[in-house]
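Written out below as structure tokens is the structure these notes cover.
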Amino acid sequence: MAESSNQPTIDTTLVHVLFVAFGYRSWRRGVMRALSLKNKLGFVDGDCKRPKPDSSNYRLWERCDDMVTSWILNSLAKEIADSVEYMTDAVELWKELEDRYDQINETKLYQIQKEINDLSLGALDITSYYTKMIKLWEELTTLLGRSHCT
């Protein structure tokens, strides 16, 4: 009989689909939702600032930041995780991922528009067709919204 441990288990899974260099926006959305549920968005958007090392909250902040960083690293493909594992904190890691993968380009816009134009019911049932169409429209709307200057 295995001995039971009184240690709490730490969930290292933030999202169940690894980011593998494509589908960044979908992956990002899942990570943001998961971090929001865990009340940890401030560690990636910069709202939860690093306290001074002599602060009584420094160790607690460092522990939470390490946890968020680990969650993000564990949700990346090994090659991507290896390339960002030495970032100093979660906000720097998140910014690096945004800079690398959240690029808007005309090719992607064209590709989505072409997929929408070429979409037909074919062998899909109506629910699958509708789901695919809505996903493409939402992705296009997101891309177009980010491509305009304010």
Do I116 and I126 sit in one hydrophobic cluster, given that two such residues count as connected whenever their side-chain heavy atoms are within less than 4.5 Å of each other, even indirectly? yes

May I ask you to test the M67-K38 pair for a side-chain heavy-atom distance under 4.5 Å? no

Under the salt bridge (charged side-chain N to carboxylate O under 4.0 Å, His left out) rule, collect the residues that match up with D118, sequence neighbours excluded. K114

Within the structure provided, determine whether W27 and L97 are in side-chain contact (heavy-atom separation under 4.5 Å). yes

By side-chain contact (heavy atoms from CB on, under 4.5 Å), which residues pair with R100, not counting sequence neighbours? S83, V84, E96

Between V31 and S75 the two heavy atoms that sit nearest each other are CG2-OG, 4.3 Å

Pairwise distance CG(L93) to OG1(T88) - rounded to 0.5 angstrom: 9.5 Å

The side-chain contact (heavy atoms from CB on, under 4.5 Å) partners of D66 (sequence neighbours excluded) come to E62

Got a sec, which residues hit side chain to side chain donor-acceptor pair (under 3.5 Å) with N117, two or more places apart in sequence or on another chain? none

Only counting residues at least two apart or in another chain, list the ones meeting side chain to side chain donor-acceptor pair (under 3.5 Å) with N39. none

Show me the donor-acceptor pairs within less than 3.5 Å that the side chains of residues 128-136 make with the rest of the protein, sequence neighbours left out.
residue : atom : partner : partner atom : Å
S128    : OG   : D125    : OD1          : 3.3
S128    : OG   : D125    : OD2          : 3.3
T131    : OG1  : T127    : O            : 2.8

CG on L76 to CG on L73, rounded to 0.5 Å: 6.0 Å

Connected via hydrophobic side-chain network under 4.5 Å: L60 and L41: no

Return each pair, listed once, that meets salt bridge (charged side-chain N to carboxylate O under 4.0 Å, His left out) where at least one residue sits in residues 49-58; pairs must be two or more places apart or across chains. R50-D89

For Y24 and F19 the tightest heavy-atom approach is CA-CE1, 3.4 Å

Quick one: are F43 and L35 in side-chain contact, heavy atoms under 4.5 Å? no

Test side-chain contact (heavy atoms from CB on, under 4.5 Å) applied to Q113 - qualifying residues, sequence neighbours left out: L140

Nearest heavy-atom neighbours spanning A21 and I80: N-CD1, 3.4 Å

For D82, what residues pass the side chain to side chain donor-acceptor pair (under 3.5 Å) criterion, not counting sequence neighbours? K78

CG-NZ distance between D102 and K95, expressed to the nearest 0.5 angstrom: 11.0 Å

From T69 OG1 over to W94 CH2, what is the distance, rounded to the nearest 0.5 angstrom? 11.5 Å

Counting N and O atoms only, with roles assigned by atom type, does the side chain of N74 sit under 3.5 Å from a partner on the main chain of S70, one being a donor and the other an acceptor? yes

Taking all atoms of both residues into account, what is the closest heavy-atom pair of V20 and A77, and its distance? CG1-CB, 3.7 Å

